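Notes to accompany the following structure.
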Amino acid sequence: MGARIDHLVTSGTFSLDGGTWDVDNNVWIVGDDTEAIVIDAAHDAAAIKAAVGRRTLKAVVCTHAHSDHVDAAPALSAATGAPVLLHPDDLPLWKLTHPGEAPDGQLADGQVITVAGTDLTVLHTPGHAPGAVCLYAPDLGTVFTGDTLFKGGPGATGRSFSDFPTIVASIRERLLALPPATVVRTGHGESTTIGEEAPQLEEWIARGH
């Protein structure tokens, strides 16, 4: 049996630049009945651990280090023994939420994470955050984009550590190069496809920040 994708939504807050907002986050679990990885441990370690169940958790993968995507990562790691993995360019953001502890390992562009016989390739896609990454799983026909690409446009770039031209370049060069039928599983809200989002690129640029 190959890998499948499980999904739960957790609720909490996102804080940056002196503001705090209520948010709902998508948490993605990729694996089979034996082992899994979690993509973005948001808000509720107990709920995520319950969704993983009796499976071995191989890694907690962070698409970026905004507080709402990593706030539950250390607790989930402590409860399961799974390492927390983050791109090193996002360490300054990580330290805003977890000043007393560090991730267990690094993510790098081109790195392959294998779970349940399925490969997920790390794509470094800065812009929303310096160390933002997406995870492309061709065998599953999907890419996990965190807050880099949403249904209807790129992630926000109006706060510290973000840059609009950079996120547009990441989307154009790394994500829109994927097959159009690739399902885009986002950090918040509905999924979409590469094919649905590709025609909107010039419109995003025109109304850019």
Side-chain angles (χ1 to χ4, degrees), residues 1-10 24-65 68-88 90 94 103-125 131-151 174-175 177-195:
M1 178 175 156
R4 65 178 186 272
I5 301 167
D6 298 321
H7 173 225
L8 69 154
V9 177
T10 57
D24 296 328
N25 283 63
N26 293 325
V27 179
W28 302 101
I29 303 171
V30 182
D32 57 14
D33 290 339
T34 302
E35 61 182 25
I37 64 168
V38 163
I39 300 171
D40 288 346
H43 308 308
D44 192 337
I48 299 168
K49 184 175 184 294
V52 172
R54 300 174 67 89
R55 293 178 283 180
T56 299
L57 190 60
K58 295 187 67 177
V60 179
V61 182
C62 306
T63 61
H64 62 296
D68 56 319
H69 290 256
V70 300
D71 51 4
L76 183 62
S77 175
T80 62
V84 177
L85 307 180
L86 177 74
H87 193 285
D90 255 23
W94 170 274
D104 301 297
Q106 296 186 352
L107 297 172
D109 187 60
Q111 177 180 345
V112 176
I113 298 168
T114 302
V115 61
T118 297
D119 291 343
L120 295 90
T121 300
V122 176
L123 308 177
H124 183 209
T125 52
V133 302
C134 299
L135 297 165
Y136 177 46
D139 289 350
L140 299 176
T142 198
V143 60
F144 301 91
T145 57
D147 289 1
T148 295
L149 179 62
F150 291 107
K151 184 177 179 65
R174 308 308 303 277
L175 298 181
L178 301 178
T182 303
V183 176
V184 176
R185 300 180 194 269
T186 62
H188 309 270
E190 298 177 49
S191 296
T192 181
T193 67
I194 294 296

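Atom set for the values below is all heavy atoms of this structure, side chains included, hydrogens, waters and symmetry mates excluded. These figures come from a predicted structure and were not determined experimentally.
- When atom types are taken as modelled, the side chain of Trp94 and the backbone of Leu86 share no donor-acceptor pair closer than 3.5 angstrom.
- Considering all non-hydrogen atoms of both residues, Ile48 and Ala41 come closest at CD1-CA, 3.7 Å.
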message = If you apply the rule side-chain contact (heavy atoms from CB on, under 4.5 Å), what do you find for Val184 with Lys151, and how did you get there?
response = CA-CA 8 Å; Val184 176; Lys151 184 177 179 65; over 6 Å; no
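- By the side-chain hydrogen bond (donor to acceptor under 3.5 Å, both in side chains) test, Asn26 pairs with His7, sequence neighbours left out.
- Nearest approach of Leu8 to Ala51, heavy atoms of both residues: CD2-CB, 3.9 Å.
- In this structure, Thr182 and Pro180 have side chains that are not in contact, with every pair of non-hydrogen atoms separated by 4.5 Å or more.
- Asp90 places a side-chain N or O within 3.5 Å of a backbone atom of Ala65 that can act as its donor or acceptor partner.
- When each of Leu57, Val38, Val84 is checked for a side-chain contact (heavy atoms from CB on, under 4.5 Å) with Ser77, only Val84 meets the rule.
- A donor-acceptor distance shorter than 3.5 angstrom exists from the side chain of Thr142 to the backbone of Val183, with no hydrogens or angles considered.
- Across every non-hydrogen atom of Ala82 and Asp104, the tightest pair is O-OD2, 4.2 Å.
- The closest donor-acceptor contact from the side chain of Arg55 to the backbone of Asp32 lies under 3.5 Å.
- A salt bridge links Arg174 with Asp109: the closest approach of a Lys/Arg side-chain nitrogen to an acidic carboxylate oxygen falls below 4.0 angstrom.
- By the 4.5 Å heavy-atom criterion applied to side chains, Val27 and Val9 are not counted as neighbours.
- Residues Asp119 and Ile113 form no side-chain contact, since every pair of their non-hydrogen atoms from C-beta on lies 4.5 Å or further apart.
- Ile29 has its side chain out of reach of Ile5: every pair of non-hydrogen atoms, C-beta onward, lies at least 4.5 Å apart.
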request  = Test Thr10 against Asn25 for side-chain hydrogen bond (donor to acceptor under 3.5 Å, both in side chains), laying out the working first.
outcome  = CA-CA 5 Å; Thr10 57; Asn25 283 63; 5.4 Å; no
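- Here the closest non-hydrogen pair linking Pro88 and Leu107 is CD-O, 3.4 Å.
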query = Can you check salt bridge (Lys or Arg N to Asp or Glu O under 4.0 Å) on Asp33 and Arg4, steps first, answer last?
reply = CA-CA 9 Å; Asp33 290 339; Arg4 65 178 186 272; 2.9 Å; yes
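- Residues that satisfy the salt bridge (Lys or Arg N to Asp or Glu O under 4.0 Å) test with Asp24, not counting sequence neighbours, are absent from this structure.
- In summary, the side chains of Asp139 and Thr118 do not present any donor paired with an acceptor at a separation below 3.5 Å, with no hydrogens or angles considered.
- Listed here is the closest heavy atom pair of Leu120 and Ala137: CG-CB, 4.0 Å.
- Ring geometry, His188 versus His69: the interplanar angle exceeds 60°, so the pair is classed perpendicular (tilted spans 30 to 60°).
- Between the side chain of Glu35 and the backbone N or O of Thr56, no donor-acceptor pair lies under 3.5 Å.
- Using a distance-only test at 3.5 Å, with no hydrogens or angles considered, a donor-acceptor pair links the side chain of Lys58 to the main chain of Thr114.
- No side-chain donor-acceptor contact under 3.5 Å links Asp68 and His43.
- Between Leu135 and Val143 there is no side-chain heavy-atom pair separated by less than 4.5 Å.
- Closest non-hydrogen pair, Leu175 versus Cys134, comes out as CD2-SG, 3.9 Å.
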